[in-house]
Every structure is written in C-alpha cells, then in structure tokens.
2 protein chains.
Amino acid sequence: MTGASVEKAIQLLKEKGYKYTDKRQSMIELFAQADRYLTAKEVQKYLKQTYPSLSYDTIYRNLYSFVEMNILEETELSGEKMFRFSCSLDGQHHHHHFICTKCGMTKNIHMCPMDFFKEQLDGCEIQSHRFEIFGTCENCLKVS
Amino acid sequence: MTGASVEKAIQLLKEKGYKYTDKRQSMIELFAQADRYLTAKEVQKYLKQTYPSLSYDTIYRNLYSFVEMNILEETELSGEKMFRFSCSLDGQHHHHHFICTKCGMTKNIHMCPMDFFKEQLDGCEIQSHRFEIFGTCENCLKVS
DNA sequence: TGAAAATTCGTAATGATTACGATATAATCA
DNA sequence: TGATTATATCGTAATCATTACGAATTTTCA
C-alpha cells in the first residue's frame with residue numbers, strides 16, 4: 001500500500017470534517033501497512049503497545065467512520081467483522097477478493113459477476129453484492 | 001419446497017446415524033415451509049409454541065448438524081448467522097442467491113462466477129466461495 | 001490562548017453464540 | 001416388550017464480539 005494512499009485517507013478525513021487524532025493516524029497507518037483484513041481485536045492488539053488504554057469504543061467508532069468515508073472496506077468471516085484498507089484509495093477500480101482464511105491476505109479478482117445478470121432480477125432493488133473466494137494462499141500452504 | 005425434500009432430509013439424517021427426534025422433525029419442516037433464510041432466533045420463536053422449553057443449545061446444535069449433512073445452507077448477515085433449506089435437496093444444481101434484506105426471501109441466480117477465473121488463483125487452495133446479492137424484493141418494495 | 005465541538009476513556013450492558021452437567025429420549029436387540 | 005446404550009435435550013451459565021454512555025480529554029480554529 002503506497003504512502004500516497006495514506007495521504008489520501010487523511011485528506012478524506014479532513015474534508016469530511018473529522019478531526020485528525022493520533023489514534024486515527026495510527027489506525028490508518030496500520031491498515032496501510034498490513035494491507036490485509038484485520039479484526040477489531042487485531043487492531044487493538046497492535047495499537048495497545050502505543051496506546052495502552054485504547055478503548056474498543058474508539059476502535060469500533062473509527063472503523064465504522066472509516067468505512068463510511070471509504071477509507072476501509074468491510075467483510076465478515078465466521079461471525080467477526082474484518083476490515084482492510086480500501087483498494088479504491090489506491091486508484092484501483094471496482095473488484096473483488098480472494099481472501100486467505102489463515103492470514104487474511106487478499107488477491108484481486110479481475111471480474112465483477114454483477115455485470116452478467118442484473119436482468120435476472122427485474123423488479124428487485126439491488127442494494128449491494130458480496131463476492132468473495134476463501135482459501136489458503138501460497139505462503140500459508142508452504143507453512144502448513 | 002416439496003414434501004420430497006423433507007423426505008430426503010430425513011433420509012439423510014438417518015443415513016448418517018443421527019436420531020430422528022420431534023425437534024429435528026419440526027425444524028426441518030419449518031425450513032421446508034419457510035423456504036427462506038431464518039435466524040436462530042426466528043427458529044426458536046416459531047418452535048417455542050410447540051416446545052416452550054426448547055433450548056438454544058438444541059437449536060444451534062441441530063442447525064450446525066444440518067449444515068454438516070447438507071440439509072441446510074448457511075450465510076451471515078450483519079453479524080447474524082442465517083440458515084435456509086438447502087436447494088440441493090430439491091434437486092437443484094449449484095447456484096447462488098439474491099437475498100431480500102427485509103424478509104429473507106431468495107431468488108436463484110443462474111450463473112456461478114467461479115467458472116470464470118479459477119485460473120486467476122494459481123497456487124492458492126480454494127476452499128469456498130460466497131456470492132450473494134442483497135436488496136429488496138418486489139413484495140417488500142410494495143409494502144414500504 | 002480560549003471556547004466549542006468532536007473524540008476518547010473507562011466501564012458496563014447487550015445480544016448472539018457456546019458450553020456443560022443432569023435428565024430424557026430414540027434406536028437396537030434380546 | 002424391556003433393558004441397554006448412545007445420543008439428544010434442558011436449564012442455565014459462560015463467553016465473546018459489539019455497542020452504549022457519562023465524564024474527561026483533545027483538536028480545531030478564531
């Protein structure tokens with residue numbers, strides 16, 4: 001994830017009138033560096049080193065704010081919400097992910113299935129779609 | 001959902017050595033009749049009329065057993081697990097769903113995006129995929 | 001610097017899911 | 001049918017992610 005993406009995220013934050021706090025800065029940097037899906041728990045684990053008293057209230061509030069302003073994208077895996085740096089900040093166009101269930105690493109899928117069958121859903125109002133492939137990535141396959 | 005599907009589910013149950021209890025029967029019938037995604041809570045709401053003391057332990061244990069033996073399929077929506085009668089019991093081939101976020105109704109999507117890009121994931125071991133479209137169905141659009 | 005608004009902390013509440021010992025039930029077979 | 005055994009269920013408590021909220025703190029900007 002490029003430094004430019006971090007800049008763009010911070011810019012978004014300020015544009016929308018959010019305050020630029022040290023916790024938010026650290027969270028953005030963490031996600032930019034990790035470049036994979038993280039749980040709220042992982043976020044707090046990483047950041048409690050710097051901020052021993054970091055509250056879950058702060059973490060969740062900021063995670064959801066970030067999703068709102070398109071800095072993060074969200075998914076759900078076995079009952080847990082997970083977040084990753086939004087690919088769109090990196091200038092990438094809409095796409096989907098292969099997600100490694102061991103380490104959270106993602107690969108881009110260069111195709112959106114929605115293009116193929118909107119006509120199958122006449123009469124319904126489409127709100128969103130979810131397309132994800134789960135498995136084990138090369139690295140984790142080597143290790144196990 | 002056809003009566004034949006219920007028969008097939010019961011057959012599966014017995015084949016795999018599970019006991020055929022009145023709670024399991026009721027759960028299977030409920031899902032066959034509902035023909036849409038239900039939460040554990042909805043299951044207990046419907047069945048507590050017949051079994052006032054039905055335990056969540058029983059509900060979850062059976063839901064997961066049913067998924068295991070392919071009687072139900074599972075998804076997750078805003079932090080809640082949801083289950084529906086497996087389409088494969090109805091003799092349908094692999095497909096995906098449009099899911100109404102208001103009532104849980106589903107429509108089949110006649111196309112599996114997995115066919116298109118397995119080659120994009122050389123080196124990874126694919127375990128599963130999730131492809132779902134969320135929105136509001138015709139009926140719920142009328143009501144709102 | 002000072003005031004206003006937003007943010008964070010500390011902690012408790014919520015709600016879905018899981019766990020477990022005691023009891024009940026279904027399946028099997030003599 | 002009755003006894004036996006493994007499985008299922010009940011009742012209830014524990015767990016865990018997420019949410020909530022009043023008090024204290026921090027950022028922003030004039």
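The sequence lines fix the lettering, A, B, ..., with proteins before strands; numbering per chain opens at 1.
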Margin query: Does Cys140(B) form a side-chain contact (heavy atoms from CB on, under 4.5 Å) with Met105(B)? I'd like the steps, not just the answer.
Written below: CA-CA 10 Å; Cys140(B) 292; Met105(B) 182 227 68; over 6 Å; no

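- Straight-line distance from the NZ atom of Lys81(B) to the P atom of dT18(D): 12 Å, rounded to whole Å.
- If you measure from atom CG of Asn62(A) to atom C1' of dT26(D), you get 13 Å, rounded to the nearest angstrom.
- For the pair Glu80(B) CD and dC16(D) C1', the computed distance is 15 Å after rounding to whole Å.
- Side chains of Thr75(A) and Tyr37(A): a donor-acceptor N/O pair is absent below 3.5 angstrom, by distance only.
- Counting any heavy atom pair closer than 4.0 Å across all strands shown, Tyr64(A) reaches sugar-phosphate atoms only and no base atom.
- Residue Ser53(A) places no side-chain N or O under 4.0 Å from the OP1 or OP2 atom of dT8(C).
- In this structure a side-chain-to-backbone donor-acceptor pair under 3.5 Å is present from Glu42(B) to Thr39(B).
- Atom CG of Leu63(A) and atom P of dT7(C) are 14 Å apart (whole Å).
- Heavy atoms of other residues, nucleotides or ligands lying less than 6.0 angstrom from CD of Gln25(B) number more than 12.
- Residues Gly79(B) and Ser55(B) each lie close to DNA chain C; by heavy-atom proximity, the contact nearer the 5' end of the strand is made by Gly79(B).
- Here the P atom of nucleotide dA17(D) and the CG atom of Leu77(A) are 14 Å apart, to the nearest Å.
- Applying the side-chain hydrogen bond (donor to acceptor under 3.5 Å, both in side chains) criterion to Gln11(A), with sequence neighbours excluded, gives Glu15(A).
- Pairing each heavy atom of Ala40(B) with each of Tyr56(B), the nearest pair is O-CE2, 4.1 Å.
- Residue-level contact check: Arg61(A) touches the bases, meaning some heavy atom is under 4.0 Å from a base atom.
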Next item on the list: Let me have a per-nucleotide readout for nucleotides 21-30 of chain C, 5' to 3', with B, S or -, counting only protein heavy atoms under 4.0 Å.
Entry: -----BS---

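- Nearest heavy-atom pair across Cys124(B) and Glu138(A) is SG-OE1, 3.7 Å.
- Residues of residues 37-48 of chain B that place a heavy atom closer than 4.0 Å to DNA chain D do not occur.
- The separation between Met82(B) atom CE and dT17(C) atom P is 10 Å, rounded to whole Å.
- Rounded to whole Å, the distance from CD on Glu76(B) to P on dA17(D) is 13 Å.
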Next item on the list: Evaluate side-chain contact (heavy atoms from CB on, under 4.5 Å) for Asp22(B) paired with Tyr51(B), printing each intermediate quantity in order.
Entry: CA-CA 10 Å; Asp22(B) 48 357; Tyr51(B) 311 103; 3.6 Å; yes

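- Atom CD in Glu68(A) sits about 15 Å away from atom P in dA6(C), given to the nearest Å.
- Results of the side-chain hydrogen bond (donor to acceptor under 3.5 Å, both in side chains) test with Thr106(B) over Arg84(B), Arg36(B), His96(B) single out Arg84(B) as the only residue that passes.
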